[in-house]
Amino acid sequence: MNRDWIIDTASQVGKTVTIKGWVQTRRDHGKLIFIDVRDRSGIIQAVFWGGNSELFEQATALRSEFVVCLTGKIQSRGEKQINPDVPTGTVELAVETLEILNEAETPAFEIEKAAETNEETRMKYRYLDMRSDRMRNNIEKRHQIVKLIRDELDTQKFWEIETPYLTKGTPEGAREFIVPARLQPGKFFVLPQAPQQFKQLLMVGGVERYFQIARCFRDEDTRGDRQAEFTQVDMEMSFVEQEDVMQLNETLLIKIVETLYPEKRIQTVPFPRISYADAMEKYGKDSPDIREDKDDKNLLAFCWIVDFPMFEKTDTGSWTFTHNPFSAAMPEYRQQLRDKKDIGDIIAAQYDIVLNGYEIGGGSIRNHRAEDLTAVLEIMDTSPEKIESDFGHMLKAFKFGAPPHGGIAWGLERLVMLLQGEPSIRDVMAFPKTGDSRDILMDAPSVLSDKAIKEAGIKIL
RNA sequence: GGGCUCGUAGUGUAGUGGUUAUCACGCCUCCCUGUCACGGAGGAGACCGCCGGUUCAAGUCCGGUCGAGCCCGCCA
């Protein structure tokens, strides 16, 4: 590829290079023009000297965000001309040729001032926002975190497997996005709120160790730390107990911080473990912020929340699960679950990972025996017909030699948000949605044609 | 479903119910050979989100609406 990265030029004095990027600023001194050129890697000062040359005339026409290809020689700057604030501040590009690859209208906001610009404008012009240091750094760091996770889980013998996005609705939990099934009029797929059932079926399938960087969809109201569409680092393992899952994940989180955020300090290692009851009593929430100094930008206080009650009473007095129906009881409570005795006292083999007051993940050991899952559903007074229609496929699968298994899922954006010190998960997503889950860049959702609606087999009320 | 905050040139903002709506950045023209937040001179750009009401008079007060954000509910 015929281009040199700007960041590399700092050590390339004397070399003739080809730089491609965007014009960040222009400082026109009449017979001397400086152009700061930006690519993904950095910024370099390009110099055009005087007179009436054709090259100089071209440089006069350059404006903010023009896309250019520059060739020339990297030269070191005079001592008084060094800019210590820029990585390439000791060198500059003596331009020999300039090609304008594309012109640009005046940007909707100054790229260098994106941080002060209204978020609505930033989202509408996300492709401009992304050119800012802040957003580029967030996107790059997110990539590096995901890559580290992939590499690490690969060495731990995990397989990355994609599970369907067109799937079956789940009976409880978050409201789901629905997708009309054209070939089965009147029937619908839903988009998964999590790959939960599929990853358990992978365990039945003998995969043993699975992970996925999985997109999940929940049609609920949003928050600064919740989007309708988000990404989970989802994993599941066979032949493990709670301790194994927690250890592996703790090690992985520590490795991410130590490798990619060496300036940050983890408050306590191993991560403290707090029972659900203690967390509620002491902090009033199950995602406590246990930082000693909440003003310390480099302090990361991880903790595990454990010993969740398996069931809680609903408003109507019946039992419901606190997490999901697939969670198993702690080993010492498994007989009690089958006997359906003292239901409110049963502790689940369930764990949440919390960072600086945010739940960044949660998981459990699952019921791998059909009778245990059935017991959970019966405790909740689920009718035999509903058990069969909603969970029959899982119960059936479990009867064909399902291994003991368990797993966890992280909210990737929340983790990246906290590591990057951003106030919202929108800031670590390339194309986030607004508070009412609209995409103001693409203008979605949008009205469909009558033909498309008819083909989908649906009617608009 | 509910509560709260905000909406003024391209961007960020100032603006006691009273004349021609403030400032900075950006933009345009001209000048400038070492700037890097370049500098200098000049210029354009707003009908104050939208609709209605109160008032002699509304950017300012009231109601509604649209849009953005925060929070509660919700998020197995």
Side-chain angles (χ1 to χ4, degrees), chain A residues 24-37 43-51 56 60 63-65 75 77-86 88-92 94 104-125 128-129 169-176 192-194 196-197 216-228 230 287 308 310-312 314-315 319-327 348 350 359 362-364 376-377 380 382 390-391 409 411 414 423-424 426-427 432-438 440 443:
Chain A
Q24 172 126 326
T25 51
R26 173 180 59 115
R27 292 180 293 281
D28 185 342
H29 289 241
K31 294 199 174 55
L32 173 68
I33 297 175
F34 298 104
I35 302 286
D36 286 345
V37 184
I43 288 178
I44 187 170
Q45 172 168 283
V47 195
F48 297 82
W49 281 275
F56 195 80
T60 307
R63 293 293 183 274
S64 284
E65 301 307 314
Q75 61 186 29
R77 300 194 193 182
E79 211 165 301
K80 285 180 184 165
Q81 292 155 9
I82 287 173
N83 183 347
D85 300 330
V86 179
T88 61
T90 57
V91 299
E92 62 191 9
E105 288 184 13
T106 304
F109 54 90
E110 296 164 63
I111 306 300
E112 290 167 284
K113 291 192 174 172
E116 299 139 51
T117 301
N118 189 299
E119 191 175 2
E120 188 177 354
T121 309
R122 286 173 50 214
M123 278 197 273
K124 195 164 180 177
Y125 297 92
L128 296 180
D129 192 26
T170 49
E172 314 226 6
R175 187 180 297 118
E176 291 155 324
Q193 41 180 301
Q196 181 67 32
Q197 297 191 32
C216 302
F217 306 87
R218 296 180 185 177
D219 189 7
E220 296 289 350
D221 288 5
T222 65
R223 288 280 195 289
D225 63 350
R226 291 177 0 199
Q227 285 261 306
F230 64 103
S287 56
F308 286 83
M310 189 142 177
F311 297 96
E312 61 186 5
T314 64
D315 298 338
W319 291 108
T320 186
F321 46 78
T322 57
H323 190 68
N324 73 48
F326 303 107
S327 292
Q350 194 175 297
E359 181 196 325
S364 66
V376 170
L377 297 168
M380 292 166 50
T382 313
D390 292 345
F391 298 98
R414 281 190 195 166
S424 150
R426 294 186 297 275
D427 295 314
K433 291 179 177 60
T434 64
D436 336 327
S437 288
R438 285 147 32 89
I440 52 177
D443 188 26

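By convention in this document, chain letters (A, B, ...) are assigned in the order of the sequence lines, proteins followed by strands, and residues within each chain are numbered from 1.
Evaluation of atom-type donor-acceptor distances gives a pair under 3.5 Å for the side chain of Arg226(A) against the base of C75(B).
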Every protein N/O lying under 3.5 Å from an N/O of nucleotides 12-15 of chain B:
from	atom 1	to	atom 2	distance (Å)
G12(B)	OP1	Asn118(A)	N	2.8

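When the ring pair (Phe, Tyr, Trp, His ring centres under 6.0 Å) test is applied to Phe391(A), the partners found at least two apart in sequence or on another chain are Phe326(A).
Checking side-chain atoms of Arg26(A) against main-chain N and O of Arg63(A) turns up no donor-acceptor pair under 3.5 Å. Proximity of a side-chain donor or acceptor of Arg122(A) to a complementary backbone N or O of Thr117(A) within less than 3.5 Å is not detected. Side chain of Arg414(A) to backbone of Glu359(A): a donor-acceptor contact under 3.5 angstrom is found. A donor-acceptor pair is defined here as one N or O able to donate and one able to accept, closer than 3.5 Å; such a pair exists between the side chain of Glu176(A) and the backbone of Thr170(A). Ser64(A) places no side-chain N or O within donor-acceptor distance of the main-chain N or O of Thr106(A), the cut-off being under 3.5 Å. Remark: the backbone N or O of Pro432(A) is not paired with any side-chain donor or acceptor of Gln227(A) at under 3.5 angstrom. Under the 3.5 Å distance criterion, the side-chain polar atoms of Thr222(A) are matched with a main-chain donor or acceptor of Gly435(A).
When Watson-Crick and G-U wobble pairs are counted only if both distances are under 3.5 Å, C61(B) pairs with G53(B). Look at C74(B): it lacks any Watson-Crick or wobble partner with both distances under 3.5 angstrom. When Watson-Crick and G-U wobble pairs are counted only if both distances are under 3.5 Å, C23(B) pairs with G12(B). Across all strands shown, C31(B) is found opposite G39(B) as a Watson-Crick or G-U wobble partner, with both distances under 3.5 Å. The nucleotide G7(B) finds its pairing partner in C66(B), both defining distances of the Watson-Crick or G-U wobble pair being shorter than 3.5 Å.
On the P atoms, C36(B) is 13 Å away from G26(B), given to the nearest whole Å. Look at the C1' atom in both U60(B) and G53(B): the space between them is 15 Å, to the nearest Å. If you take atom P in U20(B) and the same atom in C62(B), they sit 25 Å apart, rounded to whole Å. Comparing G12(B) with A58(B), their C1' atoms sit 25 Å apart, to the nearest whole Å. A gap of 12 Å separates the P atoms of C25(B) and A41(B), to the nearest Å. Comparing the same atom, C1', in C4(B) and in C47(B) gives a spacing of 30 Å after rounding to whole Å. Rounded to whole Å, the C1' atom of C66(B) lies 33 Å from the corresponding atom of U19(B). Annotation: A68(B) and U11(B) have their C1' atoms spaced 16 Å apart (nearest Å).
Remark: C1' of A68(B) and CG of Asp436(A) are 9 Å apart, rounded to the nearest angstrom. Rounded to an integer number of Å, the gap from Asp443(A) CG to G67(B) P is 11 Å. Remark: P of G73(B) and CG of Asp219(A) are 19 Å apart, rounded to the nearest angstrom. The CH2-P distance, from Trp49(A) to G34(B), rounds to 13 Å in whole Å. Atom CD1 of Ile44(A) and atom C1' of C36(B) are 13 Å apart (whole Å). In this structure, Glu220(A) atom CD and C72(B) atom P are separated by 14 Å, rounded to whole Å. Rounded to whole angstrom, the span from the CG atom of Asp221(A) across to the P atom of C75(B) amounts to 11 Å. One interatomic measurement links the two molecules: CD of Glu105(A) to P of C28(B), which rounds to 12 Å at whole-angstrom precision.
Considering every non-hydrogen atom in both Arg223(A) and Arg426(A), the closest pair reads O-NH1, 4.3 Å. A pairwise comparison of heavy atoms in Trp49(A) and Ala94(A) identifies CZ3-CB, 3.9 Å as the closest pair.
When heavy atoms are screened at a 4.0 angstrom cut-off, Arg175(A) is found touching no nucleic acid atom at all. Using a 4.0 Å heavy-atom criterion, one finds that Gln350(A) contacts no nucleic acid atom at all. Across all strands, Arg438(A) comes closer than 4.0 Å only to sugar-phosphate atoms, never to a base (heavy-atom distances).
Mapping Leu32(A) and Pro107(A) onto RNA chain B by nearest heavy atom places Pro107(A) at the nucleotide closer to the 5' end. Residues Pro423(A) and Ser64(A) both approach RNA chain B. Their nearest nucleotides, taken by heavy-atom distance, put Ser64(A) toward the 5′ side.
Of the charged side-chain nitrogens involved, none lies within less than 4.0 Å of a carboxylate oxygen, so that Glu220(A) and Arg226(A) do not count as a salt-bridged pair.
Distances were taken from every side-chain heavy atom of Phe109(A) (C-beta onward) to each of C75(B), G69(B), U11(B); the shortest belongs to U11(B). Each of C72(B), C27(B), G34(B) was ranked by its minimum atom distance to the side chain of Arg223(A); first place goes to C72(B). Of the candidates C27(B), C70(B), G34(B), the closest approach to any side-chain atom of Arg426(A) belongs to C70(B).
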For nucleotides 37-46 of chain B, 5' to 3', base contacts (B), sugar-phosphate-only contacts (S) and non-contacts (-) with protein non-hydrogen atoms under 4.0 Å give -B--------

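Within the 4.0 Å cut-off from OP1 or OP2 of U35(B), not a single side-chain nitrogen or oxygen of Arg77(A) is found.
For Tyr125(A), the OH atom is loosely surrounded, since the number of other residues' heavy atoms within 6.0 Å does not exceed 12.
Residue side chain Phe34(A) meets the stacking definition with respect to U35(B): its ring centre sits within less than 5.5 angstrom of the base's six-membered ring centre, and the planes differ by less than 30 degrees.
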